[in-house]
Amino acid sequence: MDQHILSRIDRAVADNLKDIERSFGEQAGLVQDFIMFISRQLKTDLFGYTRFTVQQFCEHTGRNRQDLALVHPDFSSGRKQPPEIQGYAFQTVLDYALYAMMERNIIFSRSYEVKGHNSVVHMTHFPILKDLKLNFNRKDKQQKIYDIRLSDELISGFLSRYYIIDSESYKLVGKGRGGDSRKKLLIYLSKISHVLHSTSTATETTIPLDRICRFADINDIKPSHKKQNLQRMLTHLKCIGRFPIHFEFVSYRGSSEYALRLAFLSGPDRMKVQKEHTFYYRLLNGMRDVFNLCGTGPATPSIEEDPFQNWLINRGLNTAEKARVLQQAYYIAFSINLPDSVATDLVLSGDFLKPLI
DNA sequence: AGAAGTTAGCGAGACTGTTG
DNA sequence: CAACAGTCTCGCTAACTTCT
């Protein structure tokens, strides 16, 4: 079971974890988990509509169902009134966190620079969800099913601005006491690994102890305690999280202060990453082109909030054109020739990416 | 009946103080 | 300052009730 599941986490998120804390308070851990969860789902639900149950969420993030099902203390103590959508109160821990992600943005403390094709965009905030529904009128023995729509920012981040991170490690590392800090450390290290592997052939780097402690929530005064804590966390990542890293403490600039030398034993498979990148990029942009050409369809009301996404998931519209885009993406990225009938079936079934799994 | 939501108790392990 | 050890807290488990 030493499977590595490579996901992509948006750089705007990974670079600003502290801002999630600032914007979401004690819900920050859940928000971060949700983004990781959704990044994993995005590999198969590319177009931003995702449907999931509490069980699935727990399975993939390693959280406990019981903790998420509890009515949030703010509401059970009567201090606040839970928000409602269509008369349904979003009052459990998970419900409320999802609601918060729709209602609130991540506010960046400093504007975050994103380099586009020929411009630099400054992001000051980052929305996560655009829409949130669930099967409000449940009958007997029916599970809660969450229906969500992701923000455009999250989807474009998935395509063009991401770090590779192993979501299986993320899940394993999050279990047990101190999990939230370990997860943050894992994101930070994955980011370093990603940058290192994609810009050079080096696999080693040295980081001052204080900087890494900031990311790992280690606030001890005594250097020896910092070292002890960090050592424990890194060992945990290595042994329990199966994160392929080698570390050693070294003295820093001749002073008595510590630094950490890190060696990443294996980076993400570069070929595979590159192929996937091409595939997703081709697919989504190809679909956009087709949509712009002929997508508005017969008598589609223009008041629709998100015509592109609606067009995409609408099975009756432009099936042949969609199938062609899919074929091209498979061919260019993986050299796979999808027969016409298979491509059409995939488009009709909605499982565009099934052959990848 | 099965899923949602609650509660108690236990054990790992994070924190902190002591020692050499 | 490193190594060790005791304490106490957090988070998991499992068994329960309530809800639809």
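To find a chain, count down the sequence lines: A is the first, B the second, and so on, and within it residues start at 1. Everything numeric in this text was worked out from a predicted model, so none of it was measured.
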Next on the checklist: Over the length of the helix from B/dA1-C/dT20 to B/dG20-C/dC1, how much do the five-pair end axes diverge, rounded to 10 degrees?
Outcome noted: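 Helix axis angle between the two ends: 20°.
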[N] [atom2] sits how many Å from [X] [atom1], rounded?
X        : N      : atom1 : atom2 : value
A/Leu234 : B/dG13 : CG    : P     : 16 Å
A/Gln91  : C/dC19 : CD    : C1'   : 12 Å
A/Leu68  : B/dA3  : CG    : C1'   : 14 Å
A/Leu94  : B/dA3  : CG    : C1'   : 15 Å
A/Phe75  : B/dA4  : CZ    : P     : 19 Å
A/Gln66  : C/dC10 : CD    : P     : 19 Å
A/Phe57  : B/dA4  : CZ    : C1'   : 17 Å
A/Asp95  : B/dA4  : CG    : P     : 10 Å

Checklist entry - Contact class for A/Gln55 vs. all strands (heavy atom < 4.0 Å): base, sugar-phosphate, or nothing? => result sugar-phosphate
Item to check | Nearest-nucleotide pick for A/Asn64, side chain only, options being B/dA4, B/dT7, C/dG11 | outcome: C/dG11
Next on the checklist: For A/Tyr146 together with A/Phe57, are the ring centres under 6.0 Å from each other?
Outcome noted: no
Next on the checklist: Aromatic contact between A/Tyr88 and A/Phe90, with the criterion being ring centroids under 6.0 Å apart: yes or no?
Outcome noted: yes
Checklist entry - Counting N and O atoms only, with roles assigned by atom type, does the side chain of A/Ser167 sit under 3.5 Å from a partner on the main chain of A/Ile5, one being a donor and the other an acceptor? => result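 Yes; at least one donor-acceptor contact below 3.5 Å.
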Item to check | Donor-acceptor contact present, side-chain A/Arg182 to main-chain A/Lys175, <3.5 Å | outcome: yes
Item to check | Reported CD1-to-CG distance for the pair A/Ile9 and A/Leu17, which is rounded to 0.5 angstrom | outcome: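 Those atoms lie 6.5 Å apart.
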Checklist entry - NZ of A/Lys144 to CG of A/Leu134: how many Å apart, nearest 0.5 Å? => result 6.5 Å
Checklist outcome for this item: Joining Ile, Leu, Val, Met, Phe, Trp and Tyr whenever any side-chain heavy atoms lie under 4.5 Å apart, the cluster holding A/Val71 also takes in A/Phe75, A/Tyr96
Item to check | Between A/Tyr99 and A/Glu84: side-chain donor-acceptor atoms closer than 3.5 Å | outcome: no
Checklist entry - Just one of A/Asp15, A/Asn16, A/Asp19, A/Thr124 clears the side chain to side chain donor-acceptor pair (under 3.5 Å) bar with A/Tyr112, so which one? => result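 When A/Asp15, A/Asn16, A/Asp19, A/Thr124 are each tested with A/Tyr112, the side chain to side chain donor-acceptor pair (under 3.5 Å) holds only for A/Asp15.
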Next on the checklist: Output one letter per nucleotide in nucleotides 14-20 of chain B: B when a protein non-hydrogen atom lies under 4.0 Å from the base, S when only the sugar-phosphate is that close, - when neither is.
Outcome noted: SSBB---
